[in-house]
Amino acid sequence: MGHLDHATFGWLTPVLSYAMACIGAALGLRCTVRALGATGRSRRNWLVTAASAIGTGIWTMHFVAMLGFGVSGTDIRYDVPLTVLSLLVAMVVVCAGVFAVGYGRDRTRALLIGGLTTGLGVASMHYLGMAAVRLHGDVGYDPMRVGLSVAIAVVAATAALWAALNIKSPVAVTLASLVMGAAVSSMHYTGMFAVHVEVTPSGESLPGATAMQFIFPLAVGLGSYLFLTSAFVALSPTTGEREASASAQQADSAAAGRQARTA
């Protein structure tokens with residue numbers, strides 16, 4: 001059995017992956033808060049942005065952590081189509097969960113359905129990403145730990161959606177995102193500790209791309225997307241600010257009208 005190392009670069013990959021999960025969660029929560037205060041096309045756009053942020057954050061967290069994954073006695077490669085598919089799965093299922101909450105009339109039912117859908121989707125993304133791993137040997141899983149990782153994913157997703165519905169202030173969103181990042185990271189490493197590998201030494205070259213050839217550039221690109229989107233959300237006015245601005249403009253127009261009549 002090959003020795004598994006989940007942090008070949010020390011604490012760098014666990015800390016960086018946790019940071020990416022927190023950023024995605026914080027951005028997703030802020031966008032969902034904006035969506036719940038909007039209507040029509042604006043609500044839809046904010047929900048799509050929220051889903052893309054959370055999905056991107058979760059996927060980036062997983063594969064940044066995988067940069068530190070190594071197995072003694074074998075190289076590791078990644079199947080590119082399966083890796084990209086895992087990203088699409090993360091986006092789609094998170095979008096389904098966020099839209100269930102954003103448009104659901106019965107919030108309790110929407111929360112449960114959205115949390116279950118999103119949690120199972122996050123777990124699917126994780127294990128689809130693991131299915132993309134290519135190495136010399138056979139990968140197996142401890143069923144109990146796999147089940148625990150799926151349960152953590154569902155609970156974490158439900159808690160995230162509950163936070164989106166109930167938490168409004170920036171400070172509370174920040175605290176919630178830290179907790180959500182810890183939950184997502186816990187799900188990932190619980191799933192990774194379920195892995196065992198029977199190495200079969202071989203001199204044949206493995207198919208697929210190395211982590212540095214494919215995973216690292218894609219993770220950097222998605223991380224840049226999260227930072228740029230965070231800046232956009234931070235600079236864009238909230239619903240309250242737009243309403244206050246509109247009221248101030250109306251007041252200015254009314255005052256100008258009164259001055260014109262008295263002149």
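We're numbering straight along the sequence, starting at 1.
With sequence neighbours excluded, no residue satisfies ring pair (Phe, Tyr, Trp, His ring centres under 6.0 Å) with Tyr225. With sequence neighbours left out, Phe9 forms a ring pair (Phe, Tyr, Trp, His ring centres under 6.0 Å) with no residue at all.
The two residues Val98 and Ala50 have their closest heavy-atom pair at CG1-CB, 4.4 Å.
Here the side chain of Thr74 pairs no donor or acceptor atom with the backbone of Val71 at under 3.5 angstrom. In this structure a side-chain-to-backbone donor-acceptor pair under 3.5 Å is present from His136 to Glu204. A donor-acceptor contact shorter than 3.5 Å links the side chain of Ser72 to the backbone of His3.
Tested against Ile76, the residues Val133, Val197, Leu206 include a single side-chain contact (heavy atoms from CB on, under 4.5 Å) partner, Val133.
Other residues, nucleotides and ligands place no more than 12 heavy atoms under 6.0 Å from the CE atom of Met144.
Side-chain contact check for Thr32 and Trp46: no donor-acceptor pair (N or O, by modelled atom type) lies under 3.5 Å. With 3.5 Å as the limit, one finds no donor-acceptor pair spanning the side chains of Thr210 and Tyr78.
A heavy-atom distance below 4.5 Å is found between the side chains of Leu178 and Tyr18. Pro14 places a side-chain heavy atom less than 4.5 Å from the side chain of Tyr189.
Within the structure, salt bridge (Lys or Arg N to Asp or Glu O under 4.0 Å) pairs that include any residue of residues 65-82 comprise Asp79-Arg134 (at least two apart or interchain).
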